[in-house]
Structure formats: structure tokens, C-alpha cells
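Residue numbers start from 1 in every chain, and the chains themselves are labelled A, B, ... in the order their sequence lines are given, proteins ahead of strands.
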There are 2 protein chains.
Amino acid sequence: MPVDPHLLRTFVTVVAEGSFSAAADRLGYTQPAVSQQIAALEADLGVPLLGRRPVRPTRAGERLLEHAGPLLLRLRAARADVARLSAEPRTLTLAAGPLALTAGTAAALAGVTTVRVAGAAAAVALVASGEADLALVDGPAAPSDPLSLPDAGPLTTVGVREEELVVVLPEGHPLAGRAGLRLDDLADAVWVDAAEVMPLDRLRAVARLDGLRPGIRYEGHDPAVAARLAAAGHGLTLLPASTAPCGVRVPLVAPRIVHRVELVHAALPPGPAAEVVRALTS
Amino acid sequence: MPVDPHLLRTFVTVVAEGSFSAAADRLGYTQPAVSQQIAALEADLGVPLLGRRPVRPTRAGERLLEHAGPLLLRLRAARADVARLSAEPRTLTLAAGPLALTAGTAAALAGVTTVRVAGAAAAVALVASGEADLALVDGPAAPSDPLSLPDAGPLTTVGVREEELVVVLPEGHPLAGRAGLRLDDLADAVWVDAAEVMPLDRLRAVARLDGLRPGIRYEGHDPAVAARLAAAGHGLTLLPASTAPCGVRVPLVAPRIVHRVELVHAALPPGPAAEVVRALTS
DNA sequence: GGTTGCCATAAGGGATGCTGATGCCCGTGG
DNA sequence: CCACGGGCATCAGCATCCCTTATGGCAACC
């Protein structure tokens, strides 16, 4: 018998809240209901999943958590995919990464009623679960390689654009006069930690290097602000050439990494969403 | 509320059996129980999923089926992953593709108690759901590209070997004297349809071409038999150089495709399975 | 035209899943 | 050191659920 996702959902919420009582509040149950659901899940799997006081996942609980998120997402995606067949939508929602909307892609959005800003994984989840019709996700990648995205079922992914990346430095920086820069020469430098714009862990993964020491943390979505922070000497940053309006911009020459934008969507009937897909991919 | 996988499982079984009554037999229910479960699922999703008399999925049902298999697999994988933490296995099962066990890989199997032959997708599913500890999957791929495998959760995939592919032809074939062959020159030829050894649809996908007309169908797992059928003139076949014992063997030179073997496994504690992993990947 | 098989429906019974009440334990503050 | 409060575990009860049995209706087949 499959693991009960109703119990999985409760489990995930308890871990997120760190408390049975708080999870009960969030899910609309009483605290004994949550206690009994967790006990039922532990009995079903035959192992403790949570330590108590404090409430924290055991190793088995951590292992289950790795599955729970993708599973619950895929279950929502299944419901959304079926619902999509009989929907007659009056809105067209695009989930877009902060660097995904350039002059070119923005010009192709006729018919879109709402643009939501979301990181790549969140944007894919929004499309999979039917809360967005399309996603434009962005990030660093080797040329022509696809972005690393979560699997959320039968979605279509199409590359829309790739763009040169530039390192943004302040005027007067010793490397400001270079014609090109290598990332491993910059591994020991301090970098602007703009997790919503250019996440450093993602960059380390694509570039296959360590380092890139995080400096000032910027929690917004505006690449121009990330560029200004770099230009002001708070650390380096790496941005698509077209989104870095100030500071000294030196092209990244090694490793071969570009800024890539991909369009993600479910199977679409003829209509405004399909028109936007056509406009973005021609 | 997530789609109930208990109902999904019944739905998948009804479609597979083509009958509520047969599905009831298979699942251990009475026929009214199955009828009520399908009705509950259709009510939950708000659309008919099955036509009746004959029982066949609607478009919504087909769409749900695309999710159901991966979902049910991932739920089994979640249970197996948790179980693995407290298991003390006395057996070591390897799921292997028919072309995955060469002299080199076979020599590395100390401690393996059972070898099960399975296609790539089935082998991955066996590991994910805990029915096998390791899988050696094989198939054609571009050099250094990974095989296209289903996502069944947090599994580790490591390339083990790549080998030149050769086209097997009968003696006296007009192309038998060539030093190398291009696949698109052979697209109109008839090919041995050995779906368990070298699936033609998989080959078309990797080579990005149409054609490869299927001839005689061989349903077994023995590449030597596929080679014999080709040598006897029943069609061409493509095999790793080391597994083609007879017929004229001409290397494939374009497109750049190799025969790749990958090892797939879950997170393993120290023990015999981890030893086999080390032996296969060094 | 009758028969048979299969899906849909109704009714009933046992099991489930939640709530309210309460017990127990542990951390915190006086 | 002790009292208090918060939070998880347990119990009992009730409403709902989920299965089975009985049966109806329909369509294909002989």
C-alpha cells in the first residue's frame, strides 16, 4: 500500500513548524489529530520519524523528507494536469525569474495578465501545480546545456535565450582593466550574495569550483541593485551583460558559462498561452 | 488535498485489466468496491476518467495515467528508502541490462547473490522500490552523455563504461567491406527488432533520425542471438563491439554514439553493496 | 428472445479519523 | 526548589468512511 500523502503532508508541516501544535493550527486540525497522524505514519513505516522535545526529524525522517516534497508536488501536478483539460481560463499567469524578462522576452507577453517573480524551482512548481500557465526560468549553465530543474512531471522545457555573463567590479579595482576574467582566479574574492538574482551555490555547481566567499547579502530581485552593490565595492557579482547598468563590466571567459533562460509549460491547447509560447520561441 | 494514491492504484489496475471485475480480482476487492473507488476519484477530480463498456481511459484519464506510474513508483521508493536505513540485508540483488554484464563488470560482482535481467526503466524502478540493491543499466548514448532514465528519487548514477558500437551485417552484404558506417545511410534498411537488447526507438531518439525499419522481432536478452540473426540476413543490428561474436562487424562512425553502461544505486551504508560499487567504479 | 456478464446503486456493518478531555513531562521563572 | 505553563500522548466517543452483500439495469452474444 503506498505511503499516505495525507500523512506526508502533516509530517512535512510538523517539520517546517517544529511543533505539533503549530502544525495543527496551520492545517486546521487539533493537536491530538496531528499526534495521531504522525503516530500512524511511524507505525506504517515501522520507524520513528521525529524526535520529540524538541521536534526534529530523525535520519529516517530526513530521508522521507527528501521524497515528500517532490511527491506532494507531483500529486498537485497530477490534479492540475487533469483540471487543465476542462479549464476555460480567463487569466494568463507567467512565473518569471528575476533575470528572465529582458526587452526581447517582455515584448512577447501579449495576453499575459499576471507576472509573478519566482526562483527556478518555485516557478516550475507553480506551473506543475497549475498556479501559473508558463514559467520563464533563468540561471547560469554551460552553453546549450539545459538548466537543472526539478522533475515535476510531463512539462515541456525550451531554451529561449543565452547571454554572455559579465563580472561587475568597482572602478579602480585591480582587475578592472582586463579584457576577460577567469572565475577560478576570483574564487577567493568576496561576492555579493544575491540568492534570488545569481545564487552562489548554483554558480559553484555549474562552474565546478569551491570558493566565491559570500559578502553582503541582497534579498531582493533587482539585478540593477546587485550591480550597484558590486560597483560600490561590496563584492563582485556576475550578471547577464544586458542587466548590469553600472560598474566595470568584464566578460567571463572561463569556464564557458552563459546566462540561460528557458520556458517551461504544460501541454497547452490553442489559445493565448500557446501564442505566448510561439512568440517566445521563434 | 492530494490525489489519493490508493484510488490511483485502483485506476491504473482497471486500465491495465480493461475491466472493473478483473481489477477487483487482482486487487483483492469486490467489484462494487472498485466501482465506488473509481467514482470517488472521478468525483474528486471532477471529470470522467474512464469510458464504460468498453472500459477505456478518457483524455483526462490518459493524462492522469502519465502521472500515476511515476507517482506510485516514487511512493514505493519513499517507503523503500526509509526501510533501507534499518534493514540488515542478507542478499545482494543486482538488476542488469542484457548488455551491461561484460567480463569486466562481471568480475566486480563479489557478494552479489542474485542477478535479475531488466530493461533500463525497470531496473531503475527495482532499485528505487528496494527490490534490487544495484542496477547496471545500458543503452546507446552520445559520448559522455548520461543515459535517459526515469526520475525515481534520490538515486546515484555513475558511468561505468562506454564502448564502441558496431553494425552487424551478413557476409557478402554490399556494405560489408566498409571501414565505417553512417547510421543515416542505413535508415531505410531493415533492422532486427531486439527490444530488450537494442531498442530501435531508443536508438532513433539518441541518433535523432527516423527510419530503421523493424524486421524480425527478437524478444530474448541474448545479444549473441541478435548478432546471429543479423549475420543470417534477417536485418541489421547495432551492438557493443565485445558482444557481437559473429557476422561482419563494421564500426559506427556517425553519429557519434557509444554503448554506455551506468550503475544506479541508492545511498548505501558500508557493506557488500558498497564494495561492489567501489569495484565497478574504479 | 433469453441468457450471461459486467457496471451502478442501495443498505448495512465494522473500521477509521477526528474532537474534547485529560494525563504526563519538561523547561522556565520566581 | 517549586509552581506553572506549554506541548505531546492517550483515551473515549461520535460521525463518517469504506468495504461487502444484495440487487438492478443494460448490452452483447447465442
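- With salt bridges taken as basic N to acidic carboxylate O contacts below 4.0 Å, one links A/Asp81 and A/Arg84.
- With rounding to whole Å, A/Met1 atom CE is found 12 Å from D/dC19 atom C1'.
- The closest side-chain heavy-atom distance from B/Asp44 to A/Arg79 is below 4.5 Å.
- At whole-Å resolution of the value, CG in B/Leu7 and P in D/dC18 are 8 Å apart.
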| request: For the pair B/Trp191 and B/Met198, evaluate side-chain contact (heavy atoms from CB on, under 4.5 Å) and give the outcome as yes or no after the intermediate values. | output: CA-CA 10 Å; B/Trp191 286 70; B/Met198 180 62 71; over 6 Å; no
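- Rounded to the nearest 0.5 Å, atoms CZ (A/Arg74) and CG (B/Leu73) are 10.0 Å apart.
- Using a 4.0 Å cut-off between charged side-chain N and carboxylate O, B/Glu62 and B/Arg59 make no salt bridge.
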| request: Please assess B/Asp133 against B/Val112 for the test side-chain contact (heavy atoms from CB on, under 4.5 Å), listing each intermediate value before the final yes or no. | output: CA-CA 9 Å; B/Asp133 302 284; B/Val112 169; over 6 Å; no
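- In summary, contact between chain B and DNA chain C, defined as any nucleotide atom under 4.0 Å from a heavy atom of the protein, begins and ends at C/dG5 to C/dA10 in the 5' to 3' direction.
- For DNA chain C, the residues of residues 36-50 of chain B within the heavy-atom distance limit of 4.0 Å (strictly under) are B/Gln36, sorted by number.
- At a threshold of 4.5 Å between non-hydrogen side-chain atoms, the residues A/Leu263 and A/Thr156 do not count as touching.
- Between the side chains of B/Ser19 and B/Glu17, not a single donor N or O lies within less than 3.5 Å of an accepting N or O.
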Table of protein N/O atoms under 3.5 Å from nucleotides 22-28 of chain D N/O atoms:
from: D/dG25; atom 1: N2; to: B/Arg53; atom 2: NH2; distance (Å): 3.1

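- At least one side-chain nitrogen or oxygen of B/His6 sits closer than 4.0 Å to the OP1 or OP2 atom of D/dC19.
- When side chains are defined from C-beta on, B/Pro70 does not count as touching B/Asp151, because their heavy atoms never get closer than 4.5 Å.
- No contact: A/Val34 has no heavy atom under 4.0 Å from any strand.
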| field | Audit row: A/Leu50, A/Phe20, side-chain contact (heavy atoms from CB on, under 4.5 Å) steps and yes/no | value | CA-CA 11 Å; A/Leu50 292 167; A/Phe20 286 47; 4.2 Å; yes
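- Put simply, the side chain of B/Leu41 reaches to within 4.5 Å of the side chain of B/Leu49, judged on heavy atoms.
- Among the protein residues, A/Ser21 comes within range of the sugar-phosphate backbone only, with heavy atoms under 4.0 Å from sugar or phosphate atoms but none that close to a base.
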